[in-house]
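Let me begin by presenting the structure, written as structure tokens, before commenting on it.
Both counts, for ligands and for their atoms, begin at 1 and track the order of listing. This chain uses plain numbering: 1 for the first residue, then up along the sequence. We use all heavy atoms of the structure for the numbers below, so side chains are in, but hydrogens, waters and symmetry mates are not.
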Amino acid sequence: MSEALQARGLKKAFNGVKAADDVSVTINNGEIVSLIGANGAGKTTFVNMVTGYLRPDSGTITAQGREITRLKPRQITRLGVCRSFQIPQVFNDLTLEENLLVAVNVAIRGAARRHSPLRSAGNRDARRMVEEILARFGLGGFRNNRATEVSGGTRKLLDVGMATISHPRVLLLDEPTSGVASNEKFAFMDVVMNALADDDVAVLFIEHDMDIVRRYAARVIVFHEGRILADGPTEAALGQDDVKRYVTGGSA
Ligand SMILES: Nc1ncnc2c1ncn2[C@@H]1O[C@H](COP(=O)(O)OP(=O)(O)OP(=O)(O)O)[C@@H](O)[C@H]1O
């Protein structure tokens with residue numbers, strides 16, 4: 001099956017404000033998709049619903065053909081839909097290596113209760129997994145630094161690395177480049193995309209910087225007032241008149 005994620009007719013209102021108003025999206029395996037839209041357009045609401053942090057008022061969500069609509073975040077993670085947050089969810093007082101060890105052990109413990117190659121992983125496997133992520137995300141040189149001692153970009157790489165521990169089929173990144181210095185953004189995204197390139201993982205990332213969107217996304221989904229204004233190949237979507245008018249201000 002090529003469908004990694006399918007959302008159908010998602011609706012969510014907060015005190016009468018329609019944060020999602022009949023949102024339907026299908027994402028295929030291996031697609032790199034950017035979610036864009038003005039502040040309050042409904043991007044994070046969509047990501048929160050897909051990852052179980054918010055329950056839609058109506059609509060359905062499936063991942064690899066399996067319904068996940070009412071599952072808890074941890075259950076959804078175990079089914080291969082993982083995320084990073086706008087603010088990195090890392091332990092500031094731990095080193096990068098220790099942060100990864102904690103995350104790997106949580107993943108292994110979760111896997112013990114289901115059919116997963118991680119189920120029988122022991123301490124040595126945990127160490128190997130940590131080494132693999134340190135290498136894949138170019139973090140080896142910072143392994144003994146605490147999370148507070150490294151740059152915003154490095155902390156974000158750690159966060160994204162932690163989100164990939166169980167080799168997700170769908171990875172949602174909420175503003176991955178926020179908090180990354182502007183002169184580091186492209187290098188940061190290069191590392192992230194290279195690290196994910198071999199996994200055939202579908203990547204959805206929320207982004208406000210159209211230079212980043214153009215460079216890394218093959219497809220763009222444009223949110224506006226809780227609805228999807230455009231969904232298609234990057235240049236076609238960004239070139240749409242209403243997208244220029246309501247979202248990119250004609251600059252894209
Ligand atoms: N927990 C909540 N309680 C009340 N209103 C909310 C909540 N979450 C989102 N909203 C509202 O839903 C709408 C969509 O918000 P959402 O955060 O999804 O937008 P966004 O596109 O991610 O914006 P941003 O780019 O600013 O992060 C906004 O009007 C917002 O105020």
Side-chain angles (χ1 to χ4, degrees), residues 5-27 32-61 63 68-74 76 81-89 152-153 155-156 159-160 163 170-182 185 188-189 192 202-217 219-232 234 237-238 240 242-252:
L5 183 76
Q6 190 170 56
R8 280 280 158 265
L10 294 184
K11 294 191 179 184
K12 182 77 190 175
F14 298 103
N15 303 320
V17 174
K18 291 178 177 175
D21 187 10
D22 199 15
V23 169
S24 295
V25 168
T26 299
I27 307 288
I32 310 290
V33 183
S34 185
L35 310 181
I36 71 167
N39 291 337
K43 307 177 295 294
T44 301
T45 299
F46 173 75
V47 169
N48 283 340
M49 289 190 292
V50 166
T51 51
Y53 287 82
L54 268 181
R55 284 226 168 140
D57 296 334
S58 59
T60 57
I61 308 163
I68 59 168
T69 318
R70 304 207 178 277
L71 300 186
K72 298 196 174 93
R74 215 178 320 148
I76 293 174
V81 180
C82 299
R83 73 177 292 180
S84 75
F85 291 83
Q86 203 172 335
I87 297 168
Q89 308 287 297
R155 214 163 31 247
K156 281 268 188 170
D159 192 43
V160 176
V170 181
L171 183 62
L172 298 113
L173 307 175
D174 193 348
E175 297 198 33
T177 66
S178 83
V180 180
S182 55
K185 284 187 180 188
F188 166 85
M189 286 298 283
V192 170
V203 181
L204 281 79
F205 66 101
I206 296 178
E207 184 57 62
H208 288 282
D209 181 331
M210 293 307 127
D211 291 335
I212 299 281
V213 170
R214 281 205 158 89
R215 169 110 57 129
Y216 297 99
R219 172 181 165 195
V220 171
I221 300 176
V222 186
F223 286 77
H224 179 62
E225 296 180 350
R227 300 185 73 91
I228 293 180
L229 193 62
D231 177 356
T234 301
L238 294 181
Q240 223 173 277
D242 47 3
V243 172
K244 289 184 185 170
R245 188 171 332 124
Y246 297 121
V247 183
T248 59
S251 59

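Protein heavy atom in closest approach to atom 26 (O) of ligand 1: Asn39 OD1, 3.3 Å. Residue, atom and distance of the protein heavy atom nearest to atom 13 (C) of ligand 1 are Gly40 O, 3.6 Å. Phe14 CE2, 3.7 Å is the protein heavy atom nearest to atom 1 (N) of ligand 1. Here the protein heavy atom with the shortest distance to atom 18 (O) of ligand 1 is Thr45 OG1, 2.6 Å. Protein heavy atom at the shortest distance from atom 12 (O) of ligand 1 is Ala19 CB, 3.3 Å. Of the protein's heavy atoms, Lys43 NZ, 2.7 Å lies nearest to atom 21 (O) of ligand 1.
Atoms OG1 and CD1, from Thr177 and Ile206 in turn, are 11.0 Å apart once rounded to the nearest 0.5 Å. Residue Asp57 holds its CG atom at 8.5 Å from CE of Met49, rounded to the nearest 0.5 Å.
The two atoms that bring Lys185 and Val180 nearest to each other are CE-O, 3.3 Å, heavy atoms only. Residues Gly59 and Thr69 share a closest heavy-atom pair of O-CG2, 3.5 Å. The minimum heavy-atom distance linking Gly37 with Val247 is given by the pair CA-CG1, 3.7 Å. Scanning both residues, Lys43 and Leu35, for their nearest heavy atoms gives CD-O, 3.8 Å. Minimum heavy-atom separation, Lys244 to Leu238: CG-O, 3.7 Å.
The distance from ligand 1 to the heavy atoms of Ala38 drops below 4.0 Å at these ligand atoms: 21 (O). For ligand 1 and Ala41, the ligand atoms under 4.0 Å from any heavy atom of the residue are 19 (O), 20 (P), 21 (O).
Per-atom contact check: atom 30 (C) of ligand 1 does not touch the protein, criterion being a heavy-atom distance below 4.0 Å. Taking a distance limit of 4.0 Å, we find that atom 5 (N) of ligand 1 is approached by some protein heavy atom.
Using cut-offs of 30° and 60° on the angle between ring planes, the pair Phe223 and Phe46 is tilted.
When the heavy-atom distances from atom 17 (O) of ligand 1 to Ile36, Thr44, Val47 are ranked, the shortest goes to Thr44.
In this structure, Ala20 has no heavy atom closer than 4.0 Å to ligand 1. The closest approach between a heavy atom of Gly37 and any atom of ligand 1 is not below 4.0 Å. Distances shorter than 4.0 angstrom occur between a heavy atom of His208 and an atom of ligand 1.
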Could you pull out every donor-acceptor pair under 3.5 Å between side chains of residues 7-15 and any protein atom, sequence neighbours left out?
residue	atom	partner	partner atom	Å
Arg8	NH2	Thr26	OG1	3.2
Lys12	NZ	Arg55	O	2.8

Task: CA sep, side-chain torsions, deciding dist, call: Ile221, Val33, side chain to side chain contact (heavy atoms under 4.5 Å, CB included) - done: CA-CA 7 Å; Ile221 300 176; Val33 183; 3.8 Å; yes
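Backbone and side-chain nitrogen or oxygen atoms of Val17 are examined, and none is located within less than 3.5 angstrom of a nitrogen or oxygen of ligand 1.
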